[in-house]
Amino acid sequence: MAARWAHPPGGPSEGPGQPSCRRGRRDDHHSPATLPPGSRREAGGFAWAPPEGWRRDVQTGAEVHYTSPDGGQELVAKSSLAHGDLLETWQTSERNAHRGRDYRKIRLEETTFRDHPAVVWEYTFTLKGVAWHARLLGFNVDGKSYQINTWYQPHTGTTALGTYEKVKESFTVL
C-alpha cells in the first residue's frame, strides 16, 4: 500500500489539513476516565477510534494501520521514543522523499495539536502508477513521539479527509 515508502525510517508518517487545535481536557495526555465511543487501546500507549469495517494491520505493537475496504485510504497511528527536534527530523525525511516518484510538498510546518507543539507534513506522490495524497501529523508528549497519518487517493478527498478528522479527534494519549 502507499504508506510503505511514505514514511522513511526515523521519519514521519502523517498530518492533517489543518490540525485540530481545539483545547482538550486537562489530561489529554493521560488516561481519561472515558474514551471516545469505538476506541481501541493500542500497545503504543494511545487509543483511537478507527472506522468500522476497515482492515487492521499491526506493523509493530506501536504502529497500527487501517485500510479502507476499497483500498483508497490508509490511516496510521504510531508512537516511539522522541528523538530530537521533530521538525528537523521530518525536514531530513522530506529531503529524502524527493527520491519518490512525482513527490510534491504542499507544506511542512510547525503547528499545535491539543496545546502540544506539533508538525504537519502534507504532500502528494505516485506509487506504482497511482496518485496519493498524504497528511501527516506528529507531536511529542512526555518523551514519546506520536503520529496520526493518512494516505488517500485524490478521488476520495472529501470523504477521506472527513474520516481522518474523526479519527484524529478520537486520538488519545494514554
Side-chain angles (χ1 to χ4, degrees), residues 2-3 5-32 35-36 39-51 59-66 73-98 100 103-125 132-152 157 160-174:
W5 84 253
H7 53 286
S13 249
E14 189 140 317
Q18 281 301 322
S20 171
C21 295
R22 285 189 359 191
R23 190 172 196 81
R25 293 178 304 273
R26 184 236 162 271
D27 44 37
D28 263 344
H29 66 284
H30 295 88
S31 294
L35 293 172
S39 290
R40 292 186 63 122
R41 290 178 183 266
E42 303 291 358
F46 59 88
W48 63 330
Q59 299 291 312
T60 67
E63 180 175 346
V64 182
H65 294 237
Y66 277 85
Q73 182 177 9
E74 184 168 349
L75 295 163
V76 178
K78 64 190 236 177
S79 67
S80 62
L81 292 176
H83 296 290
D85 181 85
L86 189 56
L87 180 61
E88 288 178 13
T89 299
W90 284 23
Q91 287 170 330
T92 299
S93 295
E94 195 269 337
R95 283 190 292 277
N96 295 333
H98 286 288
Y103 170 83
R104 185 178 65 83
K105 177 174 77 174
I106 297 170
R107 64 188 169 138
L108 175 54
E109 60 196 26
E110 292 178 317
T111 188
T112 59
F113 181 72
R114 298 192 185 136
D115 296 329
H116 298 290
V119 176
V120 61
W121 183 11
E122 183 176 2
Y123 58 93
T124 59
F125 64 99
W132 291 91
H133 193 127
R135 289 193 177 189
L136 317 175
L137 174 67
F139 60 98
N140 295 338
V141 176
D142 296 334
K144 285 186 82 172
S145 185
Y146 298 90
Q147 292 181 33
I148 315 162
N149 308 323
T150 190
W151 294 270
Y152 60 92
L161 292 176
T163 300
Y164 177 62
E165 289 301 319
K166 286 179 189 174
V167 170
K168 191 173 64 172
E169 187 62 31
S170 76
F171 190 89
T172 305
V173 174
L174 301 175

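No hydrogens, no waters, no symmetry mates; every other heavy atom, side chains included, goes into these values.
In terms of heavy atoms, A49 sits closest to S170 at N-OG, 2.8 Å. In terms of heavy atoms, T150 sits closest to E74 at OG1-O, 2.9 Å. Closest heavy-atom contact between V167 and P51: CG2-CD, 3.9 Å. Scanning both residues, K105 and W121, for their nearest heavy atoms gives CG-NE1, 4.5 Å. Considering every non-hydrogen atom in both S79 and G44, the closest pair reads OG-O, 2.6 Å.
Summarising the geometry, atom CG belonging to L75 is positioned 11.5 Å from atom NZ belonging to K168; distances are rounded to the nearest 0.5 Å. Taken from OG1 in T124 to CH2 in W132, the straight-line distance is 13.0 Å, to the nearest 0.5 Å. Note that CG of N96 is 10.5 Å distant from OH of Y103, once rounded to the nearest 0.5 Å. Remark: T112 OG1 to H116 NE2 distance equals 10.0 Å, nearest 0.5 Å.
Within the 4.5 Å cutoff, no side-chain heavy atoms of Q147 are placed close to those of V76. The side-chain heavy atoms of L161 and Y152, taken from C-beta on, include a pair separated by under 4.5 Å. Residues E109 and T111 are not in side-chain contact: their nearest non-hydrogen atoms beyond the backbone lie 4.5 Å or more apart. Residues R41 and L35 form a side-chain contact, since some pair of their non-hydrogen atoms from C-beta on lies under 4.5 Å apart. At least one side-chain heavy atom of W151 sits less than 4.5 Å from a side-chain heavy atom of Y123. Residues H133 and E122 are in side-chain contact: their nearest non-hydrogen atoms beyond the backbone lie under 4.5 Å apart.
Between F139 and F171, the angle of the ring planes goes over 60°, which puts this pair in the perpendicular group of the 30/60° scheme. Using bins of under 30°, 30° to 60° and over 60° for the plane-to-plane angle, the ring pair W48/F46 lands in the perpendicular bin.
The side chain to side chain contact (heavy atoms under 4.5 Å, CB included) search around P117 returns none, not counting sequence neighbours. For the side chain to side chain contact (heavy atoms under 4.5 Å, CB included) test, residues two or more places apart in sequence or in another chain that qualify with E110 are L87. Looking at residues two or more places apart in sequence or on another chain, you find a side chain to side chain contact (heavy atoms under 4.5 Å, CB included) between R40 and E42, P50, R56, Y66. For S80, the side chain to side chain contact (heavy atoms under 4.5 Å, CB included) criterion is met by S145, not counting sequence neighbours. Applying the side chain to side chain donor-acceptor pair (under 3.5 Å) criterion to T92, with sequence neighbours excluded, gives R95.
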**Request:** Check the pair K166 / E169 against salt bridge (Lys or Arg N to Asp or Glu O under 4.0 Å), numbers first and verdict last.
**Result:** CA-CA 5 Å; K166 286 179 189 174; E169 187 62 31; over 6 Å; no
**Asked** Which is it for T89 and H83 under the side-chain contact (heavy atoms from CB on, under 4.5 Å) test, yes or no, and what are the steps along the way?
**Response** CA-CA 8 Å; T89 299; H83 296 290; 5.9 Å; no
